[in-house]
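Just below is one structure, and these are the notes that go with it.
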Amino acid sequence: QVQLVESGGGVVQAGGSLRLSCAASGRPFSMYAMGWFRQAPGKEREFVAAISGSGRTTDYADSVKGRFTISRDNVKSTLYLQMASLKPEDTAVYYCAAAFRLGAGLPRPHEYNYWGQGTQVTVSS
């Protein structure tokens with residue numbers, strides 16, 4: 001079992017930056033690939049970014065590539081999402097997720113089986 005708690009959400013103006021954190025507890029953090037997802041009102045949840053257990057492999061949705069950076073600190077058991085050049089369309093509830101995965105490969109979205117409660121990010125124009 002892995003417990004995930006997100007923090008760092010808030011209201012920011014377009015063009016601004018925000019950093020989300022996800023604190024994990026339970027089994028060894030490095031054994032889990034981690035991901036960020038988001039869900040805007042009236043829309044389905046969508047993939048944002050993912051990172052392997054070692055941190056060496058990352059992947060991003062095209063909509064955030066070049067603006068968002070996913071990282072992790074396996075000593076602190078914490079996942080991060082640094083968001084820059086934010087746009088109003090980035091407004092959503094952001095969720096972190098975990099999938100047990102040994103090796104460098106990244107899970108497919110449906111393979112994540114542990115989820116946090118979400119944190120709201122609102123970007124004003």
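These numbers come from the heavy atoms of this one structure, side chains and all, not from hydrogens, waters or symmetry mates. Note that the coordinates shown come from a computational prediction; the quantities given were computed from them, not determined experimentally. Count residues from 1 along the sequence.
- Here the straight-line distance linking atom CD of Q1 with atom CG of N113 works out to 9.0 Å at 0.5 Å rounding.
- Of the possible donor and acceptor atoms, none in the side chain of E46 sits under 3.5 Å from a partner among the backbone N and O of Q39.
- Put simply, NZ on K43 and CZ on R38 are 8.5 Å apart, with the number rounded to the nearest 0.5 Å.
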Next item on the list: Quick one: do F37 and Y95 satisfy ring-ring contact (aromatic ring centres under 6.0 Å, His included)? Show the steps, please.
Entry: CA-CA 5 Å; F37 293 77; Y95 300 89; 8.7 Å; no
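- In this structure, G35 and Y112 approach most closely via the heavy-atom pair N-CE2, 3.6 Å.
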Item checked: Audit row: K87, D90, salt bridge (Lys or Arg N to Asp or Glu O under 4.0 Å) steps and yes/no -> CA-CA 5 Å; K87 305 175 182 179; D90 294 318; over 6 Å; no
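- In summary, the side chains of Q3 and S25 do present a donor paired with an acceptor at a separation below 3.5 Å, with no hydrogens or angles considered.
- No donor-acceptor distance shorter than 3.5 angstrom exists from the side chain of W36 to the backbone of L20, with no hydrogens or angles considered.
- Side-chain N or O atoms of E6 include none that pairs as donor or acceptor with a backbone N or O of T119 at under 3.5 Å.
- In this structure, M83 CE and T69 OG1 are separated by 11.0 Å, a value rounded to the nearest 0.5 Å.
- Using a 4.5 Å cut-off on side-chain heavy atoms (C-beta onward), F47 and D59 make contact.
- Between A23 and T78, the shortest heavy-atom distance links the atoms CA-OG1, 4.4 Å.
- A donor-acceptor pair under 3.5 Å is formed between the side chain of R67 and the backbone N or O of S85.
- Judged by distance alone, the side chain of N74 and the main-chain N or O of G53 form a donor-acceptor pair under 3.5 Å.
- Contact of the Y60 side chain with the I70 side chain is registered, since non-hydrogen atoms from C-beta on lie closer than 4.5 Å.
- Residue R72 holds its CZ atom at 7.0 Å from OG of S52, rounded to the nearest 0.5 Å.
- Within the 4.5 Å cutoff, the side chain of R101 has heavy atoms near those of the E111 side chain.
- Separation of atoms CE (M34) and CD1 (I51) is listed at 9.5 Å; rounding is to 0.5 Å.
- Across all non-hydrogen atoms, the minimal contact from A98 to Y32 is CB-CD2, 4.0 Å.
- L79 CG to S71 OG: the interatomic distance, rounded to the nearest 0.5 Å, is 7.0 Å.
- Scanning all heavy atoms of the two residues, the minimum distance from A24 to L4 falls at CB-CD2, 3.7 Å.
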